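Notes follow the structure.
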Amino acid sequence: MGTNEYYSEEQHGPHEYLALGDFPLENGEILANAKLAYKTQGTLNAAKDNAILFPHMWSGTSASMESFIGEDRPLDPNKYFIILPGQFANGLSSSPSNTPSPQNGGAFPNVNIGDDVVAQHRLVRDHFAIDELQLVTGWSMGAEQTYEWAVRYPDMVKRAAPFAGTAQTTPHDYLWVRAHENALKSDPAWADGFYADAADVSVGLKRHAEVWSVMGLCAEFYKREVWRELGFDSLDGFVTGFWEAYFAPMDPNNLIWMGWKWRHGDVSKHADGDLSAALARISAKTVVVAFGNDMFFPPADIEAEVAMIPGAEYRLIDSLWAHFTMFCMNDKDKAAIDAVYSDLLAR
């Protein structure tokens, strides 16, 4: 499957697109003819007070979060209007893979979490004329966007539920993300981001998948051979059939540029570098969730930030799926995540 075929509505379902025009970025550059891809589920009511915003994680698209939505689930489209915004560089919104010259491929500008959130604000406030969001929630990079929303637009966010992410990227996480970017760049075929076809960078994508196989889960997951529950009969088969298969159709530049945003995530910029002061701006009812065994966003790092958020509650969901607990590979993890949403939305 080629890149253009992967980043398509055939793969990720129908999207809508908000034209942003020439979009000013935080770094001073202009992203020409920018677009924001998004999905919605449910109906916006007349009062426009039933909206939920659910940005997605690194490597995903708006479709990635749809599995959490359903009738008789906490995120019920019969009750809520759920907006699933894409982030820049996800392959459907403006990205290295779909932007024409002179900002194509390796020339795509570096974008920040704040750029995503400003674009999403234009969608929510200007396009839909929504003044208040009942909930902003997300996992991993979706959590970074959730924090950015709650700090940047505190009067609009009634509730916030960041899962397995931090408001300020830690030095360890910064190094880890740079390592998986460099695994992609280590393939000579990457050619400084100006390859002819993403498939040409297959060696880099495999190296990248191997790095993720180490950090994405935890030692106990592999020791107990939990991968057998998915039908794999060997460790190498799991690496090939799960990790390599997941990343193989993706565009290396899209992953790298999303990763750059991830490792530069930092809401303290809204308070002259003072993280505590920035998080003190949050007025939303906030439940922050960490996943046990997560090596990207260790629970201790998450809990330290919770102490800076007025009235915030910390929860730990323990799972051998570590950072990927949000994939809900078993009923226990799914029920624990649904319980967070149910409890918070009842407040």
Side-chain angles (χ1 to χ4, degrees), residues 1 5-18 35-45 50-93 95 116-117 119-120 123-124 127-128 130 133-146 149 159-165 230 242 245-247 249-251 254-255 258 289 291 317 319 321 323-342 344-345:
M1 183 188 302
E5 191 177 48
Y6 177 75
Y7 296 107
S8 66
E9 294 192 341
E10 286 72 27
Q11 291 296 316
H12 300 278
H15 282 66
E16 296 180 79
Y17 298 85
L18 179 68
K35 65 179 181 179
L36 178 69
Y38 67 96
K39 291 184 165 212
T40 64
Q41 289 200 30
T43 302
L44 184 62
N45 64 16
N50 69 330
I52 288 174
L53 188 75
F54 200 162
H56 65 76
M57 76 293 192
W58 173 89
S59 82
T61 70
S62 301
S64 304
M65 301 293 97
E66 288 186 300
S67 64
F68 295 95
I69 301 168
E71 294 184 16
D72 301 321
R73 303 272 304 277
L75 304 185
D76 188 340
N78 292 323
K79 182 176 182 181
Y80 296 107
F81 178 61
I82 304 167
I83 305 168
L84 302 157
Q87 57 171 287
F88 292 130
N90 77 343
L92 291 160
S93 297
S95 304
D116 285 320
V117 170
Q120 293 165 17
L123 174 67
V124 171
H127 182 69
F128 288 118
I130 295 168
L133 292 162
Q134 291 297 316
L135 170 68
V136 180
T137 185
W139 162 52
S140 196
M141 272 190 77
E144 289 186 300
Q145 294 166 78
T146 299
W149 260 98
R159 300 175 184 84
F163 284 79
L230 302 185
F242 185 84
Y246 178 70
F247 290 117
M250 296 183 185
D251 182 85
N254 290 351
L255 296 173
M258 279 190 283
V289 181
F291 294 150
I317 296 176
S319 172
W321 278 94
H323 188 64
F324 285 87
T325 299
M326 205 77 177
F327 273 9
C328 295
M329 303 301 283
N330 56 62
D331 290 339
K332 176 176 171 287
D333 292 346
K334 178 181 176 181
I337 290 166
D338 271 4
V340 173
Y341 288 133
S342 181
L344 183 55
L345 286 167

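Note that the coordinates shown come from a computational prediction; the quantities given were computed from them, not determined experimentally.
- If you take CD1 on I82 and NZ on K39, they are separated by 13.0 Å, rounding to the nearest 0.5 Å.
- Ring geometry for W139 versus F327: interplanar angle over 60°, hence perpendicular rather than tilted (30 to 60°).
- At a threshold of 4.5 Å between non-hydrogen side-chain atoms, the residues L53 and I130 do not count as touching.
- Scanning all heavy atoms of the two residues, the minimum distance from G86 to L36 falls at O-CD1, 2.9 Å.
- Taking the ring centroids of F247 and W58, they lie under the 6.0 Å cut-off.
- With rounding to the nearest 0.5 angstrom, the CZ atom of F81 is 4.5 Å from the OG1 atom of T40.
- A donor-acceptor pair is defined here as one N or O able to donate and one able to accept, closer than 3.5 Å; such a pair exists between the side chain of T137 and the backbone of A161.
- Between the NE2 atom of H127 and the OH atom of Y38 there is a distance of 3.5 Å, given to the nearest 0.5 Å.
- V340 places a side-chain heavy atom less than 4.5 Å from the side chain of F163.
- R73 is listed as a side-chain neighbour of K334, based on a closest heavy-atom distance under 4.5 Å.
- In this structure, I337 CD1 and S342 OG are separated by 13.5 Å, a value rounded to the nearest 0.5 Å.
- Y6 is listed as a side-chain neighbour of H12, based on a closest heavy-atom distance under 4.5 Å.
- Judged by distance alone, the side chain of E9 and the main-chain N or O of H15 form a donor-acceptor pair under 3.5 Å.
- Closest of all the heavy-atom pairs between H56 and S62 is CD2-N, 3.5 Å.
- Using modelled atom types, no side-chain atom of T146 and backbone atom of A160 make a donor-acceptor pair closer than 3.5 Å.
- N78 places no side-chain N or O within donor-acceptor distance of the main-chain N or O of D72, the cut-off being under 3.5 Å.
- Note that NZ of K332 and OG of S319 are 6.0 Å apart. Values are rounded to the nearest 0.5 Å.
- From L75, atom CG reaches atom CG of L345 across 6.5 Å, with rounding to the nearest 0.5 Å.
- Contact of the N330 side chain with the W321 side chain is registered, since non-hydrogen atoms from C-beta on lie closer than 4.5 Å.
- Across all non-hydrogen atoms, the minimal contact from N90 to S93 is OD1-N, 2.8 Å.
- Other residues, nucleotides and ligands contribute only 12 or fewer heavy atoms inside 6.0 Å of the CG atom of D331.
- Between W149 and P55, every side-chain heavy-atom pair lies at or beyond the 4.5 Å cut-off.
- The two residues Q87 and Q145 make their nearest non-hydrogen contact at NE2-NE2, 3.7 Å.
- Inter-residue side-chain proximity for I52 and Y341 is flagged as unmet; no heavy-atom pair is nearer than 4.5 Å.
- Taking the six-membered ring where the residue is Trp, F54 and F68 present tilted rings, their angle falling between 30° and 60°.
- Closest non-hydrogen pair, S59 versus M250, comes out as O-CE, 3.8 Å.
- At a cut-off of 3.5 Å, with distance as the only test, no side-chain donor of Y7 or S95 sits close to an acceptor on the other residue.
- Side-chain atoms of D116 come within 3.5 Å of backbone atoms of F88 as a donor-acceptor pair (strictly under, hydrogens ignored).
- The shortest side-chain heavy-atom distance between T43 and N50 does not fall under the 4.5 Å cut-off.
- In this structure, N254 and G91 approach most closely via the heavy-atom pair ND2-CA, 3.5 Å.
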